[in-house]
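For the numbers below, each heavy atom of this structure counts, side chains included, while hydrogens, waters and symmetry mates do not.
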Amino acid sequence: MKKKKTVFIEGQITSSFIGNAIAKHQTKTQIGAHNIFLGQVRKDKIEDKTVKAIDFSCYQEMADQKLDIIREETFEKYDLTCMHIYHSLGKVEVGEVCLFVFVSAPHRPQVYEATEYIVNRVKEEVPIFGKEIFEDASYQWKTNV
Amino acid sequence: MKKKKTVFIEGQITSSFIGNAIAKHQTKTQIGAHNIFLGQVRKDKIEDKTVKAIDFSCYQEMADQKLDIIREETFEKYDLTCMHIYHSLGKVEVGEVCLFVFVSAPHRPQVYEATEYIVNRVKEEVPIFGKEIFEDASYQWKTNV
Amino acid sequence: MKVIYFGKIADVTKKTVEEIELQDKNVKSLITFLNEKYAINLSEMQIAVNQNLVSKSELLELKDTDEVAILSAFAGG
Amino acid sequence: MKVIYFGKIADVTKKTVEEIELQDKNVKSLITFLNEKYAINLSEMQIAVNQNLVSKSELLELKDTDEVAILSAFAGG
C-alpha cells in the first residue's frame, strides 16, 4: 500500500522545515538539480484595507485525491527523481510561506517547467479556500484568478 | 557606491544557509512568489570511475563582473523584487549543494523563467572551473556541455 | 441527502453540513434550492459529487450515498 | 606580458601566472606560443583580455597593461 503523504501543515511552512527538506535530499546522489517554489502571503492592499493574514481551509478528501492525481501525472510528464507539495491550513501571516513545491531531477532542463505545472494545477484544481483577514479584523474570501 | 555582493562560498552551500536566506525575505511583504534553484553534486559514473566530489575554482575578477552583468540584465528583463546567486568554491562532496539561485517577485508568472535564465547564464558565462575527483583520487576537469 | 459546504459557501449558509430533501434528486434542483434558501448564485459555487467537480448545467442524478459538496472559488497557493 | 592561467590550463602549464615575451604582441601569436610550449590546443582554451572573452581568430593587439587570462571550459553550477 502506498504511504499516505502528509501535504497539509497547520500554520506557516517555516524556513527550517524547508531547510530540513533540502537536507534530506543530500543522500539521493543521483539528483543534480532541485527547483523550489514558495508562495508567500503578500501584504496586499484592497481598496483601503491591508491584508494581515490568510486563514486557509480545505475539503481534505477531495484535496488529497486531486494532489495524488497531480503527483502521478507530473511524474508521467517529467523525468523527476522526486517531488513534494506542502500547503498550509489555518492562519498564515503576511510574509509567511503557505505553499512549498519541491522538485528534484538528475538534470536541470525540466525542473522549472515541472514546478510551474504543479503550482498551476494546485491553484486551479485543489479545493483549498482562503479568507483574507484585514488589519481591521474584517475579511474577504480570496479567489485565484 | 554599490555594496559588493558576496557570491562565492567556501565549500558546500548548507541547507541552513538556504533556510536563513528564505527567512530573511519574510519582512519583504510585497513578495508573493519565490523560486529557488539548487545545483547538487551528482554521483556520476564516468566509465568505471565514480565522482566523489568537485573542487571548484574561479577567475574572481571576471566572475564578479559577469555576475554583475547577469544580475543587471535579469532585473531589466523580469519584474523581480530581488535575486541572489551563490556558488561554492573549493571542495563540494557528492550530495552537497554548489549553486543556489534565489528569485523573488510580487507574482509568480516570471519567477520560473527568470531562474532558468540566470542558471543558464551562470553556467555559460561565469569563469568557474571544476575538477571532478573520483573515488580512487584521480580526477578530470568538468565541462558544461 | 447530506450536502457539505466549504469556504465562502459555509460562511453564507452558516453551517458546514446540511440534510436536504429534494423532490427531484439532481444537480439542477440542488442549485435551485441553494439559490432560493441562501441566495447563492450559480457563479459563486462549484459542485463536487464524490470528490469530482460536475457540470452545473447537468441533470445529473444524485443518490443518497453520494458525497455532495458545494465549494466556493479555490484559493490555494 | 603577464598571462594568468585557470582551470585545466593551469594544470597543464603547472603554473597560474607567467611572464611571456612575444615578438608580435597579439592573440594569434599568444596561441601559437601556448601550443608550442604546452601543446594546448585551440579548442581547449578561451582567452580573456581585461575580463572579456575575445575571439581566438582575432589579431587583437595585446598591451603590457592588459590582463590576459587563458581559461579552460567553464564548469559552474
- Query: Which bit of A:Val122 is near chain C, if near means a heavy-atom gap under 4.5 Å: side chain, backbone, both or neither?
  - Reply: neither
- Message: Does any backbone or side-chain atom of A:Gln65 lie under 4.5 Å from a heavy atom of chain C? Answer side chain, backbone, both or neither.
- Response: side chain
- How many angstroms lie between NZ in A:Lys66 and CG in C:Leu53, if you round to the nearest 0.5 Å? 6.0 Å
- Side chain, backbone, both or neither: which part of A:Tyr139 has a non-hydrogen atom closer than 4.5 Å to chain C? side chain
Distance-only donor-acceptor hits, side chain of residues 51-58 of chain A, under 3.5 Å, sequence neighbours excluded:
unit_1, atom_1, unit_2, atom_2, d
A:Lys52, NZ, A:Glu93, OE1, 3.4

- Should we say atom NZ of A:Lys131 is surrounded by more than 12 heavy atoms from elsewhere, each under 6.0 Å from it? yes
- Message: So for atom CD, which belongs to C:Glu19, do other residues, nucleotides or ligands contribute more than 12 heavy atoms lying within a distance under 6.0 Å?
- Response: yes
- Highest number of heavy-atom pairs under 4.5 Å with chain C among A:Met62, A:Glu125, A:Glu61 belongs to A:Met62
- Note on the structure: Expected contact set for residues 8-22 of chain A against chain C at heavy-atom separation under 4.5 Å reads none
- Top contributor to chain C contacts, counting heavy-atom pairs under 4.5 Å, from A:Phe37, A:Phe100, A:Phe129: A:Phe129
Side-chain donor-acceptor distances from residues 67-77 of chain C under 3.5 Å, at least two apart:
unit_1, atom_1, unit_2, atom_2, d
C:Glu67, OE2, A:Tyr59, OH, 2.5
C:Glu67, OE2, C:Gln51, NE2, 3.0
C:Ser72, OG, C:Lys8, N, 2.9

- Query: Under the salt bridge (charged side-chain N to carboxylate O under 4.0 Å, His left out) rule, what pairs show up with a residue in residues 76-85 of chain A, not counting sequence neighbours?
  - Reply: none
- Structural part of A:Leu99 lying under 4.5 Å from a heavy atom of chain C: side chain
- Which atoms of A:Glu124 come close to chain C, meaning under 4.5 Å heavy atom to heavy atom: side chain ones, backbone ones, both, or neither? backbone
